[in-house]
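In what follows, a single structure is set out as structure tokens and then discussed.
All heavy atoms count here, side chains included; hydrogens, waters and symmetry mates do not. Here the structure is a predicted model, which is why all the values come from computation and not from measurement.
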Amino acid sequence: MKSRVALVRCSSYDERTVAAAVQKGVGLLGGMEQFIQPNDKILLKPNVLVGDAPTKLVSPHPTVFKAVARLALTVTNNLSYGDSAGMGKPAANMRKPGFAEIAQEMNIPLADFENGREIQFKESPFTRHFTLANGVLDADGLISIAKFKTHQLTRITGAVKNQFGCIPGLLKPGFHIKLPNPLDFAKMLVCLTLLIRPRLYIMDGITAMEGNGPRGGTGRQMNVLLFSADPIALDATMCRMIQLDPLHVPTMQPGRDWGLGTYLDEEIDLVGDPLESFVNSAFNVVRAPVRPVTSSRVVPFFRNLVSPRPEIDLARCNRCGTCVKHCPAQPKAVDWHNGDKSKPPAYKYERCIRCFCCQELCPELAISVETPLLGKIVHL
Ligand code: SF4
Ligand code: SF4
């Protein structure tokens, strides 16, 4: 059977317009009753990152969250919501993106994303051990609400990547240390999604983020909401809209190999508005395969000359130290020069595992990922 992906044109965040579009999209998949039953405990999992205002386009827009919540409430009253961000407390991080206010208005409690329990995933094809937030484990099922945006490590932040926030805060950087190869990191994300198995994925692509995502990019009108029970098919459809080869997203192949979903065109049943009407070849995303950063065949010295790396815009840096604090490399790959906090931190690229946590978390958006000149030449 083919995986169904519904596409619904939606050009504004007007509350009623979004509500109608969400209802239409879920309806094209058979209605909310296909995914949840009365009295099911359902967790709404928006992609929050660190909790930025809706204008920053980091998270799904609050009107999308509200529309999904309202539709889910027609089936069950037992909703909760939550996400574990890259830093900060989950409750505080929910305020700026507008989720806390909506949840309060709709009487939806915040789930526990500060604490978690260990889970053995014995059948896993790759990662067999996870600690998941209590809020995830205490729910009967999830609705994953993703944002259409770029990501430096995995090319896109989509339906699969959203589940990384189900791991409580401080445990997340450990995966970057254990899995410095982005291809392995992507396999872990697939295993995590196989374990959690959200029932439905909804992606906000009305105003998407292109360029320096997942936090520092710029807006691009894509005017679309995407819906599917198959996160690989949903992400592959997103890729086709921006003319990015789905196989350049490292979750695709393991996702299909391990039964999470399919990226193959002929195995996806597109319904709703035509895909062609959303295609935008000008969308700013890196259209190249993700390359492993660790390889026994490539000496670290050469690797540092060719592989994309984070760089600080000295004029934008306010020396807050967030990048230093959250760099998971030991010893740190970005640090104060001789402890001097009056100047921006500096990189030691030979230590850097290219997790891009610093770029993701910098509050001033002062860090971008750049490919050194030699890297551009050898990858031509
Ligand atoms: S997180 Fe950004 S602003 Fe803060 S010290 Fe690092 S580069 Fe500068
Ligand atoms: S410097 Fe940045 S990209 Fe490199 S290991 Fe530290 S946080 Fe990750």
Review point. Counting only heavy atoms not in Asn77, do more than 12 sit closer than 6.0 Å to its CG atom?
Key: no
Check your understanding: Who passes side chain to side chain donor-acceptor pair (under 3.5 Å) against Gln243, sequence neighbours left out?
Key -> none
Check your understanding: For the hydrophobic clusters of this structure (ILVMFWY residues joined by side-chain heavy atoms under 4.5 Å, transitively), does one cluster hold both Leu29 and Tyr201?
Key -> no
Mind listing the side-chain donor-acceptor pairs of residues 205-231 below 3.5 Å, one per line with the distance, residues two or more places apart or on another chain?
unit_1	atom_1	unit_2	atom_2	d
Thr207	OG1	Gln221	OE1	2.4
Glu210	OE1	Arg220	NE	3.0
Glu210	OE1	Arg220	NH2	3.4
Glu210	OE1	Asn284	N	2.8
Glu210	OE2	Arg220	NE	3.4
Asn212	OD1	Gln359	NE2	2.8
Asn212	ND2	Ile367	O	3.0
Arg215	NE	Asp52	OD2	2.8
Arg215	NH1	Leu361	O	2.7
Arg215	NH1	Cys362	O	3.4
Arg215	NH2	Asp52	OD1	3.0
Arg220	NH2	Ala282	O	3.1
Gln221	NE2	Ile206	O	3.4
Gln221	NE2	Asn223	OD1	2.7
Ser228	OG	Arg4	O	2.7
Ser228	OG	Asp230	N	2.9
Ser228	OG	Asp230	O	3.3
Asp230	OD1	Ile232	N	2.8
Asp230	OD1	Ala233	N	2.9
Asp230	OD2	Ser3	OG	2.5
Asp230	OD2	Thr262	N	3.1

Practice item. For residues Phe148 and Met241, determine if any side-chain heavy atom of one lies less than 4.5 Å from a side-chain heavy atom of the other. Key: yes
Review point. Do you know the tightest heavy-atom contact between Gly169 and Ser84?
Key: N-OG, 2.7 Å
Review point. Can Val190 be reached from Phe164 by stepping across I, L, V, M, F, W or Y side chains whose heavy atoms are under 4.5 Å apart?
Key: yes
Check your understanding: Are the side chain of Asn338 and the backbone of Asp340 linked by a donor-acceptor contact shorter than 3.5 Å?
Key -> no
Exercise for review: Would you tell me whether Glu360 and His151 have side-chain atoms, one donor and one acceptor, within less than 3.5 Å of each other?
Suggested key: yes
Side-chain donor/acceptor pairs under 3.5 Å, residues 271-279, sequence neighbours excluded:
unit_1	atom_1	unit_2	atom_2	d
Asp273	OD2	Arg9	N	2.7
Ser277	OG	Arg9	NH2	3.2
Ser277	OG	Pro274	O	2.6

Revision key, fill the gap. Tightest non-hydrogen contact, residues Ser59 and Asp204, listed as O-OD2, 4.4 Å
**Study point:** Taking every non-hydrogen atom, the tightest pair across Leu43 and Ala111
**Key:** CD1-CB, 3.7 Å
Exercise for review: Could you list the residues that satisfy salt bridge (charged side-chain N to carboxylate O under 4.0 Å, His left out) with Asp138, not counting sequence neighbours?
Suggested key: Arg117
Exercise for review: Show the numbers, then the answer: is there a side chain to side chain contact (heavy atoms under 4.5 Å, CB included) between Thr251 and Thr193?
Suggested key: CA-CA 10 Å; Thr251 46; Thr193 305; over 6 Å; no
**Study point:** Over all atoms of both residues, closest heavy-atom pair of Arg351 and Lys332
**Key:** NH1-O, 2.9 Å
Check your understanding: Taking all atoms of both residues into account, what is the closest heavy-atom pair of His176 and Pro328, and its distance?
Key -> CB-CG, 4.3 Å
Check your understanding: Under the 3.5 angstrom rule, does the side chain of Arg155 hit a backbone N or O of Arg287 as a donor-acceptor pair?
Key -> no
Practice item. Could you tell me whether the side chains of Glu311 and Tyr347 share a donor-acceptor contact shorter than 3.5 Å? Key: no
Check your understanding: Can a donor-acceptor pair be found between the side chains of Asn78 and Thr76 at a distance below 3.5 Å?
Key -> no
Listed pairs under 3.5 Å, donor-acceptor, residues 15-26 side chains, sequence neighbours left out:
unit_1	atom_1	unit_2	atom_2	d
Glu15	OE2	Lys66	NZ	3.1
Thr17	OG1	Asp14	OD2	2.6

Revision key, fill the gap. Here the pair of heavy atoms bringing Met252 nearest to Pro246 is CG-O, 2.8 Å
Review point. Which residue, Ile143, Leu142, Ile42, forms the side-chain contact (heavy atoms from CB on, under 4.5 Å) with Arg199?
Key: Ile42
Review point. With distance as the sole test, does Arg319 use its side chain to make a donor-acceptor pair with the main-chain N or O of Ser342 at under 3.5 Å?
Key: yes
Exercise for review: Under 4.5 Å between side-chain heavy atoms, chaining through other members, with only Ile, Leu, Val, Met, Phe, Trp and Tyr counted: pull out the rest of the cluster around Leu183, sorted by chain and number.
Suggested key: Val290
Check your understanding: Among Val249, Ile156, Thr157, whose side-chain contact (heavy atoms from CB on, under 4.5 Å) with Met238 holds?
Key -> Ile156
Check your understanding: Under the 3.5 angstrom rule, does the side chain of Asp245 hit a backbone N or O of Leu247 as a donor-acceptor pair?
Key -> yes
Check your understanding: How long is the gap from SG on Cys166 to CG on Leu137, to the nearest 0.5 Å?
Key -> 9.0 Å
Check your understanding: For the side chain of Asp269 and the backbone of Val5, is there at least one donor-acceptor N/O pair under 3.5 Å apart?
Key -> no
**Study point:** Ion pair Lys187/Asp184, N-O distance below 4.0 Å
**Key:** yes
**Study point:** Asp235 side chain to Val160 backbone, donor-acceptor under 3.5 Å
**Key:** yes
Point to revise | Pairs satisfying ring pair (Phe, Tyr, Trp, His ring centres under 6.0 Å), at least one member in residues 114-147, at least two apart | key: Phe130-Phe175
Study note, to complete from the structure: Residue set satisfying side chain to side chain donor-acceptor pair (under 3.5 Å) with Lys45, at least two apart, ordered chain then number -> Asp83, Asn162
Practice item. Only counting residues at least two apart or in another chain, list the ones meeting side chain to side chain donor-acceptor pair (under 3.5 Å) with Ser368. Key: Glu370
Check your understanding: Is the backbone of Val58 close enough, under 3.5 Å, to the side chain of Lys149 for a donor and an acceptor to pair up by distance?
Key -> yes
Check your understanding: Can you list every pair that meets ring pair (Phe, Tyr, Trp, His ring centres under 6.0 Å) and has a residue in residues 33-74, with sequence neighbours left out?
Key -> Tyr13-His61, Phe65-Tyr81, Phe65-Phe99
Check your understanding: Is atom CG of Asp313 surrounded by more than 12 heavy atoms (other residues, nucleotides or ligands) closer than 6.0 Å?
Key -> yes
Review point. Tell me, do Cys358 and Cys327 make a side-chain contact under 4.5 Å, heavy atoms counted?
Key: no
Review point. Mind checking whether Pro345 and Cys317 have side chains closer than 4.5 Å, heavy atoms only?
Key: yes
**Study point:** Pairs satisfying salt bridge (charged side-chain N to carboxylate O under 4.0 Å, His left out), at least one member in residues 168-179, at least two apart
**Key:** none
Check your understanding: Who else is in Trp336's hydrophobic cluster (ILVMFWY, side-chain heavy atoms under 4.5 Å, direct or via others)?
Key -> Val324
Review point. What about Val68 and Val48, same hydrophobic cluster or not, with Ile/Leu/Val/Met/Phe/Trp/Tyr joined at side-chain heavy-atom distances under 4.5 Å?
Key: yes
Check your understanding: Yes or no on side chain to side chain contact (heavy atoms under 4.5 Å, CB included) for Arg354 and Val369, after CA distance, side-chain angles and deciding distance?
Key -> CA-CA 9 Å; Arg354 286 3 182 224; Val369 175; over 6 Å; no
Revision key, fill the gap. CE (Met106) and CG (Leu79) are apart, to the nearest 0.5 Å, by 8.0 Å
Practice item. Please check if atom NZ in Lys89 has more than 12 non-hydrogen atoms from other residues, nucleotides or ligands closer than 6.0 Å. Key: no
**Study point:** Backbone N/O of Lys41 and side chain of Asp140: donor-acceptor pair under 3.5 Å
**Key:** yes
